[in-house]
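One structure is given below, encoded as structure tokens.
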Number of protein chains: 2
Amino acid sequence: MKTLLLAVLAALSLSACVSVTATGDLGVVIERADGKVAVVNTTERTVLAEIDGLGDLSHASVVFSRDQRFAFVFGRDGGLTKVDLVTQRIAGRVLQSGNSIGGAISQDGRLVAVSNYEPGGVRVFDADSLEMVADIPTGSKVVGLVDAPGRRFVFSLFDAGEIWMADFSQGPSPRMTRYANVGKQPYDALITDDGRTYIAGLFGEDGFALLDLWHPERGVRRVLDGYGRGEQPLPVYKMPHLEWLTVSGGLAYLPAIGRHEVLVMDTATWRQVGAVPVLGQPVFIVAQPDKRRLWVNFAFPDNDKVQLIDVESRSVAATLTTGKGTLHLEFTPRGEEVWLSLRDEDAVSVWDVATLTPITRLNIAKPSGIFFTPRAYKTGM
Amino acid sequence: MKTLLLAVLAALSLSACVSVTATGDLGVVIERADGKVAVVNTTERTVLAEIDGLGDLSHASVVFSRDQRFAFVFGRDGGLTKVDLVTQRIAGRVLQSGNSIGGAISQDGRLVAVSNYEPGGVRVFDADSLEMVADIPTGSKVVGLVDAPGRRFVFSLFDAGEIWMADFSQGPSPRMTRYANVGKQPYDALITDDGRTYIAGLFGEDGFALLDLWHPERGVRRVLDGYGRGEQPLPVYKMPHLEWLTVSGGLAYLPAIGRHEVLVMDTATWRQVGAVPVLGQPVFIVAQPDKRRLWVNFAFPDNDKVQLIDVESRSVAATLTTGKGTLHLEFTPRGEEVWLSLRDEDAVSVWDVATLTPITRLNIAKPSGIFFTPRAYKTGM
């Protein structure tokens, strides 16, 4: 009888119930210095767990599974780690290259793609097993990898000046479309919310390369020529990102590289129609979920502040002192609160979006990117 | 020892582990004839459970909790039922009036509001406990209840011709704003995705009443005068809905009441700029998540078909024979598939959006509304 009791207790332990049973209000925060992620709850405003062993997260990004149970974390060292938000453990991990820069998940949630510098190319994995499904060598550093509707991935070749599209709609062997001579050194790219427009920034030229995915037969065209034109070239210490372009009301907002301005572009013509002066060099520009205001953070030495741009008047509506090393921000699903990572204060602070006052702060070591589960539903996130 | 074993087994049973631990890919389907809802999984395309005892669901709608664990089901008989998608049981239920027509959940997920015909008014409940927080009698049937950013609810008074806004941002006693003389007999209303514009359809006049929630001080104005102008009034057998207005690329699409057309409105001027002929009288007009096509279903006798309108060309791109009594449709979170309720075939069918072919069908008795958990993140859904 005692043996039976022990067997029952063992079974009970094995099937241990987890306390978290819904994931709609969860997220992860990257702890860049320690190779950890913090699993957070945005309703309770708490850290549920810290998960260790994710390698080099000095440049990391995250996508979520279709059911919002798993976070796929892409590390700088080529590590692809699948984190289970329910059991709060690592569910799988592969070191798939020596040096990677980003990833994406297919529209149906079944494929996870990673873009690599070394060796240059894209590798595609089964989202369940993390087994490799396809290997696409490119002979060039790959940047700006995004998912597009119809089980497609689109990415840019930094060294070769090309944009490639891999279409997995017919199975694990992708149908490839290649666009050559799109411009010198595409350094990053984004896809608009609707999954229609892919735009790559060019490092070696003054402009952007645009691909309309509703009409891929029309090829890649140049837009925003003269973006930054007439200015003295400024020293660029690191590759800029392009993820922060935000489209709101037919207008797109881009950071002016090296200048204290946010540029306003008309997405019908892709020409500049305005500029908003801000207090520093913009890094991320993120729209509130209601699209009424944009929140902008800044490069050093102005990285303790955030400014809010009112979309109607196209002017700064508020300047907040948020804390030292304000690296990133993410809105709660319906936008009533915003979370800000304060790297140099080892904290994440939570602000009320209506009253613009801080609500609470969480102790998280050297936080960088913040990613909440609603991203599971978004194209190119 | 035997007693101890039994105690352990009893404890094991009480804390029974649930198999579903993430809710991002779940949803509910209303079984209108039986007072049941089916809990479904859109990844596996399965029915996980049927939950009984929800009363009269002949006109039902659903909102979801912030964490996507709970569905709040609003029944025709005034029943408000909280369904736990994880344990697949009823977590709470109140019969809060004799006759209700819809509900909403606040931006922060803490308040659930229900609009009532009898007695006319709005009642607001704590989302956790279902205890009543506020009672707002209106002396009129209430329609078109929606949530708006900033812990607000907006609704219309059918008999009184008014629009009211209840602001709970300061606590459980709402600050009320009332707009009188907005037009005769508002019958339904909607709020745009961004939570900015509230539009009520008028049953007793030819037009709509619009409230800009970014500028509530400007009051309510009339738009779309002459909507349906010049046509012979047609018999109206039931109150039309307004939930199907879809805004895409600055244009809104409305069913032409009593005619075989979808009307195209410019949301900058709120004037008609076009019309798309379709095969029957439109009921629901739903945009694909990528906004490239609109899916339209029809009133009897054309309710076995769905037409797809291509947004670029503003013309019908495909006509699908979907099945008898096609009442409602809902896209999977990122839009690769669509679920259609076929009331007269006791089935829900799932279609591939890229190839426009049916994938599978599920046996569900007399299905009507289909609601997936991503609605948790949407204003006015």
Side-chain angles (χ1 to χ4, degrees), chain A residues 1-2 4-5 8-9 11-12 15-18 20-26 41-43 64-70 85-87 106-109 147 149-151 169 193-196 214 248-250 288-292 312 332-337 353-355 373-374 376-379, chain B residues 1-2 4-5 8-9 11-12 15-18 20-26 41-43 64-70 85-87 106-109 147 149-151 169 193-196 214 248-250 288-292 312 332-337 353-355 373-374 376-379:
Chain A
M1 184 57 98
K2 192 172 180 182
L4 179 57
L5 175 60
V8 168
L9 287 170
L12 177 59
S15 70
C17 295
V18 291
V20 178
T21 45
T23 50
D25 56 351
L26 303 188
N41 178 313
T42 67
T43 303
F64 291 96
S65 66
R66 194 178 190 287
D67 62 358
Q68 300 183 328
R69 177 169 175 173
F70 300 103
L85 301 180
V86 175
T87 63
S106 62
Q107 184 185 27
D108 63 1
D147 54 275
R151 236 185 181 203
S169 62
D193 291 349
D194 56 8
R196 175 174 182 175
W214 288 11
S248 182
Q288 290 180 190
D290 69 1
K291 311 280 190 197
R292 187 169 189 177
E312 268 193 304
T332 56
R334 289 184 52 193
E336 73 279 15
E337 295 174 8
V353 168
T355 62
T373 49
Y377 303 144
K378 293 179 183 165
T379 295
Chain B
M1 185 56 95
K2 192 171 176 183
L4 179 57
L5 177 58
V8 168
L9 287 169
L12 177 59
S15 70
C17 295
V18 290
V20 178
T21 46
T23 50
D25 56 350
L26 303 188
N41 178 312
T42 67
T43 303
F64 292 95
S65 66
R66 195 177 189 288
D67 63 358
Q68 300 184 328
R69 177 169 174 175
F70 299 102
L85 301 180
V86 174
T87 63
S106 62
Q107 184 185 27
D108 63 0
D147 52 277
R151 234 185 181 202
S169 63
D193 291 350
D194 57 7
R196 175 173 182 176
W214 288 11
S248 182
Q288 290 180 192
D290 68 2
K291 311 280 190 197
R292 187 167 189 178
E312 268 192 304
T332 55
R334 290 184 52 194
E336 74 279 15
E337 295 173 6
V353 168
T355 62
T373 50
Y377 303 144
K378 293 180 184 164
T379 295

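Everything numeric in this text was worked out from a predicted model, so none of it was measured. Convention: sequence-line order gives letters A, B, ...; per-chain numbering from 1.
When each of Lys378(A), Glu312(A), Glu337(A) is checked for heavy-atom pairs under 4.5 Å with chain B, Glu312(A) comes out on top. By number of non-hydrogen pairs under 4.5 angstrom with chain B, the leading residue of Pro333(A), Gly195(A), Pro374(A) is Pro374(A). Interface check for chain A: of the options Asn41(B), Asp193(B), Asp147(B), the most heavy-atom pairs under 4.5 Å are formed by Asp147(B). Taking Thr332(B), Thr355(B), Thr379(B), Asp290(B) one by one and counting their heavy-atom pairs under 4.5 Å with chain A, the maximum is reached by Asp290(B).
Put simply, the side chain of Arg292(A) never gets that close to the backbone of Asp194(B): no donor and acceptor are under 3.5 Å apart. Remark: the backbone N or O of Asp108(B) is not paired with any side-chain donor or acceptor of Glu336(A) at under 3.5 angstrom. Side chain of Arg334(B) to main chain of Ser106(A): a donor-acceptor pair is present (N/O by atom type, distance under 3.5 Å, no hydrogens or angles).
Only the backbone of Ala376(A) comes within contact range of chain B, judged by heavy atoms closer than 4.5 Å. Only the side chain of Arg196(B) comes within less than 4.5 Å of a heavy atom in chain A; its backbone stays farther off.
Between atom CZ of residue Arg66(B) and atom OG1 of residue Thr42(A) there is a gap of 3.5 Å, rounded to the nearest 0.5 Å.
Between Thr23(A) and Ala22(B), the shortest heavy-atom distance links the atoms OG1-CB, 3.9 Å.
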